Asker: 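This is the structure I have questions about; it appears just below.
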Amino acid sequence: KAKDAGKNTYLFYTMAMTVASYERIGMENALREAIKENQFIVYYQPQIDLKTHELIGLEALLRWNHPLEGILPPGRFIAFTEETRLIVEIGAWILKQTCFDVVALHEEGIFKGTVSINISGVQIEYSDFLRTLKETLNETKIDPKIVEMEVTESFIMHDPERWITLLKEMQKLGLSIAIDDFGTGYSSLSYLRKLPINKLKVDMSFVKDIPKQEDACAIVNSIITLAQNMNITTLAEGIEHKDQEDYLAEHGCKQGQGYLYSKPLSLSDLKSWIKIHF
Ligand code: C2E
Ligand code: MG
Ligand code: MG
Ligand code: MG
């Protein structure tokens, strides 16, 4: 009997493996199709000055308009695009699309702030990202001064020396650099000193628990103070409630982003949102 059970377990295991690999191939094909068929879209989430409540920036966030499942968030597919390196192509696409969109928003006089674009470590490891960046700046004629590149601590700590060189080159092009999800990625302070950065983005896992939880408040305050001492700015992510905003503003955090202001929006919804609120 025990033997049968063992055999069944084995059978089940190989079947599961097969299904998993079919699923992976299916997913990879679907993503290649998505690139070819222009199924990706850019959503934009407003970034707000916590003192003046003005709209100061937008973060570009990738969405997949799946033919059967509708609009999918990056949590459903980004890791997979990194494993398969499809993020190199998709990342180049979102960079260009975002620059075109923001140039148009500026020209239409609807928006005059900055735009933040997320980059993955896979893009810098497996492509000449600096070259892609230069080509896109030339092609879209966007003013590099309004473009901010976001990279997570974990990617940087994976290969700090390489990132330091690359980020310096990006700043030479006129771009700004923000560290995304700050506080979650084991940053070493000695590297932080060497990194050419303009902004720390306070991760929403801390923002979620302020002002009620003391430990979260302590961490948020330390990040704000650290940034102030480094002469760089701070943006808090995931602000959902007024008491979080009040706490952050009182403690010197400069900017915020979160559902309190707006969820990420399609370009046309963003335009309506701006017209209503500003
Ligand atoms: P992220 O860069 O840290 O982006 C912030 C995420 O927090 C977004 O999720 C946003 O929708 C969500 N968010 C913002 N405000 C709130 C809030 O008040 N409450 C809650 N619960 N969530 C909030 P999203 O759009 O699903 O993106 C998830 C992650 O996927 C991003 O985290 C980023 O790491 C990655 N990602 C998105 N677009 C790109 C891209 O174009 N390239 C790369 N490499 N990664 C991307
Ligand atoms: Mg980000
Ligand atoms: Mg983040
Ligand atoms: Mg993130």
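Start at 1 and go down the list; that is how both ligands and their atoms are numbered. Quick caveat: nothing in here was measured; it's all calculated off a predicted structure.
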Asker: Where do Glu153 and Thr184 come nearest, in terms of heavy atoms and distance?
Answerer: OE1-N, 3.1 Å
Asker: Provide the atom name of the closest N, O or S atom of Glu59 relative to the Mg ion (ligand 2).
Answerer: OE2
Asker: Examine the side chains of Thr84 and Glu28 and answer whether a donor and an acceptor come within less than 3.5 Å of each other.
Answerer: no
Asker: Does ligand 1 have an atom under 4.0 Å from some heavy atom of Gly91?
Answerer: no
Asker: From Asn118, does some N, O or S atom reach closer than 2.8 Å to the Mg ion (ligand 2)?
Answerer: yes
Asker: If we only count heavy atoms from C-beta on, is the Tyr261 to Gln47 side-chain gap below 4.5 Å?
Answerer: no
Asker: Can you tell me how far apart CG (Leu235) and CD (Gln257) are? Round to the nearest 0.5 Å.
Answerer: 5.5 Å
Asker: Side chain or backbone, does Arg63 bring an N or O within less than 3.5 Å of an N or O on ligand 1?
Answerer: yes
Asker: Checking contacts here: is it the side chain or the backbone of Pro264 that comes within 4.0 Å of ligand 1, counting heavy atoms only? Could be both or neither.
Answerer: side chain
Asker: Under a 4.0 Å heavy-atom limit, does Ile94 contact ligand 1 with its side chain, its backbone, both, or neither?
Answerer: side chain
Asker: Parallel, tilted or perpendicular: which one describes the rings of Phe40 and Trp93, with boundaries at 30° and 60°?
Answerer: tilted
Asker: Under a 4.0 angstrom heavy-atom cut-off, which atoms of ligand 1 come close to Gly258?
Answerer: 15 (N), 18 (O)
Asker: A quick test of your reading: do over 12 heavy atoms of other residues, nucleotides or ligands sit less than 6.0 Å from NE2 of His158?
Answerer: no
Asker: Is it the side chain, the backbone, both or neither of Asp181 that has a heavy atom closer than 4.0 Å to ligand 1?
Answerer: side chain
Asker: Given Glu82, Gln45, Glu240, identify the one with the heavy atom nearest to atom 20 (C) of ligand 1.
Answerer: Glu240
Asker: Between Gln123 and ligand 1, does any nitrogen or oxygen pair lie at a separation below 3.5 Å?
Answerer: no
Asker: For ligand 1, indicate whether the residue Ile78 contacts it via side chain, backbone, both or neither (heavy-atom separation under 4.0 Å).
Answerer: side chain
Asker: Quick one: closest heavy-atom pair of Asn118 and Ala60, and the distance?
Answerer: ND2-O, 3.3 Å
Asker: Among the N/O/S atoms of Asp180, which is closest to the Mg ion (ligand 2)? Give the atom name.
Answerer: OD2
Asker: Is there a polar contact between ligand 1 and Leu62, counting only N or O atoms under 3.5 Å apart?
Answerer: yes
Asker: I'd like to know if Lys201 and Glu148 make a salt bridge, using a cut-off of under 4.0 Å between side-chain N and carboxylate O.
Answerer: no
Asker: Mind checking whether Gly238 has a heavy atom under 4.0 Å from ligand 1?
Answerer: yes
Asker: If you count the non-hydrogen atoms of other residues, nucleotides and ligands that lie under 6.0 Å from CD in Glu108, is the total more than 12?
Answerer: yes
Asker: Just so I know, are the side chains of Ile232 and Lys199 near enough to count as touching, which here means a heavy-atom distance under 4.5 Å?
Answerer: no
Asker: Closest to the Mg ion (ligand 3), which N/O/S atom of Asp181 is it?
Answerer: OD1
Asker: Measure from the Mg ion (ligand 2) to every N/O/S atom of Glu150 and report the name of the nearest one.
Answerer: OE1
Asker: Check whether any heavy atom of Lys201 sits under 4.0 Å from an atom of ligand 1.
Answerer: no
Asker: Is there a side-chain contact between Ile25 and Asn29, using heavy atoms and a 4.5 Å cut-off?
Answerer: yes
Asker: For atom 2 (O) of ligand 1, which of the options Asp180, Leu72, Val151 provides the nearest non-hydrogen atom?
Answerer: Asp180
Asker: Between Glu135 and Arg131, does at least one N-O distance fall below 4.0 Å, as a salt bridge requires?
Answerer: yes
Asker: Only heavy atoms count here, so choose which of Lys263, Glu150, Met204 is nearest to atom 6 (C) of ligand 1.
Answerer: Met204
Asker: Using a 4.0 Å cutoff against the non-hydrogen atoms of Glu59, which atoms of ligand 1 qualify?
Answerer: 2 (O), 4 (O)
